[in-house]
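We name chains A, B, ... by the order of the sequence lines, and we start the count at 1 in each one.
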Amino acid sequence: MSSENLQITLPNGDVLQMEPGSTAGDVAVAIGPGLAKAAIAAVIDGATVSLGEPIRTDAAIRVITAKDPEALPVLRHSAAHVLATAVREIQPGAAIGFGPAIDNGFYYDFDVEVPFTPEDLEVFETKMSEIVAEDQMFKRRRVNKEEARQLFSDDPLKLERLEEFRDDEVITVYENGPFLDLCKGPHVPSTGHLRHVKLLSAAGAYWRGDENRQMLQRIYGTAFQKKEEMEEYLLRLEEAKKRDHRLLAKELDLYSIKEEVGQGLVLWHPKGAIVRHTIEEYLKATLLAHDYELVYTPQIANEELYEISGHLEVFEDNMFPAMDDDGSRFRLKPMNCPHHFMIYSTQTRSYRDLPLRFAELGTCYRYERSGTLHGMLRVRCFTQDDAHIFVRPDQIGEEYDRLLDLTDELLKVFGYEYHIALSTRPDKAIGDPTVYDGATDTLRRVLEARGMDYVVDEGGGAFYGPKIDVNVVDAIGREWQGGTFQLDFLMPERFGLEYIGSDNQPHKAVVIHRTLLGSMERFVGGLIEHYRGAFPTWLAPEQVRLLPVSKQWVESTQSLADELLMAGIRVKVASRDTLGYRIRESETMKIPFMGVVGEREASDDTVAVRKRGAGKKQDVMGRSDFISMILRDIETKSISSPAI
RNA sequence: GCUCUGGUAGCUCAGUGGUAGAGCGCGUCCUUGGUAAGGACGAGGUCGCGGGUUCAAUCCCCGCCCAGAGCUCCA
């Protein structure tokens, strides 16, 4: 064997001569003992592989250590194997499904007779630490299909996957201790690397995500390189639990969902309603200032409308059943667009009229599957901050620019960061691909011109047009679905939405479906979690609570309350129970300002002001100063004070 | 919709094959308070709904309703 050495290019540009048959791990050793020790995996020509992977051709190689972002998924995937090893040790009959790394950890699916309990998870976790302590090597092996069939003869799920391989495809298996898995890898060198692993939950999951197939039992877990990272992640989970809008909303009396009314149907209590009302008023004022026109449309429509739109064909599963009226069939509207199109088509429109922007806080009804309902975030009746913008093709770019301006203006007010995603043409797209792609390029240019960071979801667009999505990032870094600006070439065809051009000929308008906040339900639900229930003053249901030190000072306190009310401030006087009790209650209810009035304050016309979250710290101030301070907070929609 | 878990006072939960408890909240009274829970007494329950087993069911069994976790992340 006298084949030539392999030319290995390292990230710093150095070229290493390696003997044929060398592995990625050998490269790490050749670079230095420190790296060899820290190495977890390697990237060969862009593909992440295990250190045991032989190098076949000249290649660019980068060795991955715990510090590299690629290391975490490798670690977690290996953790999934260790989990499967443990489960198999304890329940040898458990058939194994898939066990990938996922966003925040990993899972492994098992086909077992009896679902796992939390106690099972503890047992598995203990077993896993033993496997980690044994430091079993992850050994990679290439096999052909026939060998693989024999290796996995007891694992029907693996066999099913196996049969999907082409005969010429490379099939690899990974072995650690007693456990063997059909797996493309890569893996860490040995189980000893998995020092911080935790199992989190177990639940059913369909084999291959298909609800027509058998249900497997999925165990979720997570793994980290460092203990502190694990602790931080678990803390974040705790924090998210504390912010759950369903719990906070109960404590703060914002909304409820009653069985007697129906699943997924939100009852807005006075305190929740005032939050929503305040947002809606602000939103409508902002839209009018941005040259939108408000419209109102009914919540039902003749079914024929949805035949024209095509919803009946593609969306019927998500629509409530029809109501019959002497041969006409009516549907609760699942979206507002067809109604808005009908308004557009009441007149012959000129190219000079466009863009036309019809906005409505439109209440829609969708039949969501019961298992997907979730507090205010997924409901069956919701009010959408909806608008349909009718433009000429040459106006698309400018209109998207305006939409991005408006988004920025709104989301800043609520203290949200956001990410932008551009979705491009899918295979199933209708119409002329050059029109679709041309429009997509226009959107891309708008984003580029604004210097915005964005991700591209290739093929993620709807079949009728590309879109830009705005995902908001909340106070603890979670992403929520926010705005979406969807271009539509299809509905103008279906509804004959035209305008007369300067050439005196009719042309098809282009529709932009857009929502900025999404639905009021989801937006307010998200805000509750974002603010942890501590709404900024302009949104707080009760902005000020006034506390007379004793009944003696109720009258003086009430006169201050009257002044606040006159100024348009939401205020309550609380005079029962002890002062300490009332202060505690005000804090619990997350009221932004407390004002205490006793002998001193009553005599010199002041108030002792205590801000939410500020503890004992208080400012004694004149009553008019107090009012103007609160008004300033409301007018500026301040999100920084008082403490959230 | 499917799998699992749960449903007991307005809320959070304990409990038992012999028709039920706590804390908070609520009501009344006492206390008239100076910065995160003053005290006493009291009202409040078809133990989710329907059926079955049993002398007896809130508890055991079956069905249903509702809630929670999960059901995309592909060897």
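Which of B:G34, B:G1, B:C4 sits closest to the side chain of A:Pro115 comes down to B:C4. Picking from B:G1, B:G70, B:U35 the nucleotide with the shortest atom distance to the side chain of A:Gln618 gives B:U35. Here the nucleotide nearest the side chain of A:Arg208, chosen from B:C74, B:U3, B:G1, is B:C74. Proximity note for A:Ile102 (side chain, C-beta onward) versus B:C73, B:U32, B:A36: the nearest is B:C73.
A donor and an acceptor atom sit less than 3.5 Å apart, one in the side chain of A:Tyr206 and one in the base of B:G1. Remark: the A:Arg582 side chain and the B:A37 base include no donor-acceptor N/O pair separated by less than 3.5 Å.
The phosphate of B:G33 has neither OP1 nor OP2 within less than 4.0 Å of any side-chain N or O from A:Lys551. Checking the phosphate oxygens (OP1, OP2) of B:A67, a side-chain nitrogen or oxygen of A:Gln263 falls inside 4.0 Å. Phosphate proximity of B:A69 to A:Arg246: present, with a side-chain N or O under 4.0 Å from OP1 or OP2. Residue A:Tyr581 has a polar side-chain atom (N or O) positioned under 4.0 Å from OP1 or OP2 of B:G25. A close approach under 4.0 Å does not occur between any side-chain nitrogen or oxygen of A:Arg218 and OP1 or OP2 of B:C2. The side chain of A:Lys258 places no N or O atom within less than 4.0 Å of a non-bridging phosphate oxygen (OP1 or OP2) of B:C66. Note on A:Tyr107: every side-chain N or O is 4.0 Å or more away from OP1 and OP2 of B:A69. Residue A:Ser201 has no polar side-chain atom (N or O) positioned under 4.0 Å from OP1 or OP2 of B:A69. Of the side-chain N and O atoms in A:His374, none sit less than 4.0 angstrom from OP1 or OP2 of B:A67.
If you check every strand for non-hydrogen atoms under 4.0 Å, A:Val170 touches a base. Here A:Gly209 lies in heavy-atom contact (under 4.0 Å) with sugar-phosphate atoms only. A:Ala608 comes within contact range of at least one nucleobase, with a heavy-atom separation under 4.0 Å. Nucleic acid contact for A:Gln217: sugar-phosphate only, since backbone atoms but no base atoms lie under 4.0 Å from a heavy atom of the residue. Using a 4.0 Å heavy-atom distance criterion, A:Thr117 is classed as making no nucleic acid contact. Here A:Phe165 lies in heavy-atom contact (under 4.0 Å) with a base. Among the heavy atoms of the strands lying under 4.0 Å from A:Gly598 is at least one base atom, whether or not backbone atoms are also near.
When Watson-Crick and G-U wobble pairs are counted only if both distances are under 3.5 Å, B:C47 pairs with no nucleotide at all. Look at B:G17: it lacks any Watson-Crick or wobble partner with both distances under 3.5 angstrom. Base pairing of B:G33: no nucleotide in any strand meets the Watson-Crick or G-U wobble criterion (both distances under 3.5 Å). Partner assigned to B:U28 is B:A40, using Watson-Crick or G-U wobble distances below 3.5 angstrom. Pairing partner, B:C71: B:G1, with both Watson-Crick or wobble hydrogen-bond distances short of 3.5 Å. With a 3.5 Å ceiling on both atom-pair distances, the Watson-Crick or G-U wobble partner of B:G6 is B:C66. Base-pair partner of B:A56: not found among the strands shown (Watson-Crick or G-U wobble, both distances under 3.5 Å). Across all strands shown, B:G23 forms a Watson-Crick or G-U wobble pair with B:C11, both key distances being under 3.5 Å.
Look at the P atom in both B:G48 and B:U12: the space between them is 14 Å, to the nearest Å. Taking atom C1' on both nucleotides, B:G25 is separated from B:G70 by 34 Å, rounded to a whole Å. Comparing B:G27 with B:A43, their P atoms are spaced 16 Å from each other, to the whole Å. Going from the C1' atom of B:A67 to that of B:C30 covers 43 Å, rounded to whole Å. For the P atoms, the distance linking B:U16 with B:A20 amounts to 15 Å, nearest Å. Nucleotides B:C59 and B:G63 have their P atoms positioned 15 Å apart, rounded to a whole Å. B:C29 and B:G68: their C1' atoms are spaced 42 Å apart (whole Å). Comparing B:C71 with B:G10, their P atoms are spaced 35 Å from each other, to the whole Å.
Ring geometry for A:Tyr233 against A:Phe224 counts as tilted: the plane angle lies between 30° and 60°, on a 0 to 90° scale. Ring planes of A:His187 and A:His77: tilted class, angle from 30 to 60°.
Note: CZ (A:Arg378) to C1' (B:A69) measures 16 Å, nearest angstrom. Remark: C1' of B:G25 and CD of A:Glu251 are 13 Å apart, rounded to the nearest angstrom. A:Leu121 places its CG atom 12 Å from the C1' atom of B:A69, with the value rounded to the nearest Å. At whole-Å resolution of the value, CZ in A:Arg576 and P in B:C30 are 14 Å apart. Rounded to whole Å, the distance from CG on A:Asp577 to C1' on B:C30 is 13 Å.
For A:Arg88 and A:Asp155, the salt-bridge test passes: some basic side-chain N is under 4.0 Å from an acidic carboxylate O. No salt bridge links A:Arg576 with A:Glu585; every basic N to acidic carboxylate O contact stays at or beyond 4.0 Å.
Around CD of A:Glu599, the count of heavy atoms belonging to other residues, nucleotides or ligands within 6.0 Å does not exceed 12. Atom CD of A:Glu313 sits in a sparse spot, with 12 or fewer heavy atoms from other residues, nucleotides or ligands closer than 6.0 Å.
In this structure, A:Arg380 forms no cation-pi arrangement with A:Phe382, as its terminal cationic atom is not both closer than 6.0 Å to the ring centre and no more than 45° off the ring axis.
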* Given the rule in the side-chain hydrogen bond (donor to acceptor under 3.5 Å, both in side chains) test, do A:Thr85 and A:Asn176 qualify, once you have shown the distances and angles that lead to the verdict? -> CA-CA 8 Å; A:Thr85 312; A:Asn176 62 287; 3.2 Å; yes
* Given A:Tyr206 and A:Arg208, is the side-chain hydrogen bond (donor to acceptor under 3.5 Å, both in side chains) satisfied, shown in steps? -> CA-CA 6 Å; A:Tyr206 296 103; A:Arg208 315 204 85 170; over 6 Å; no
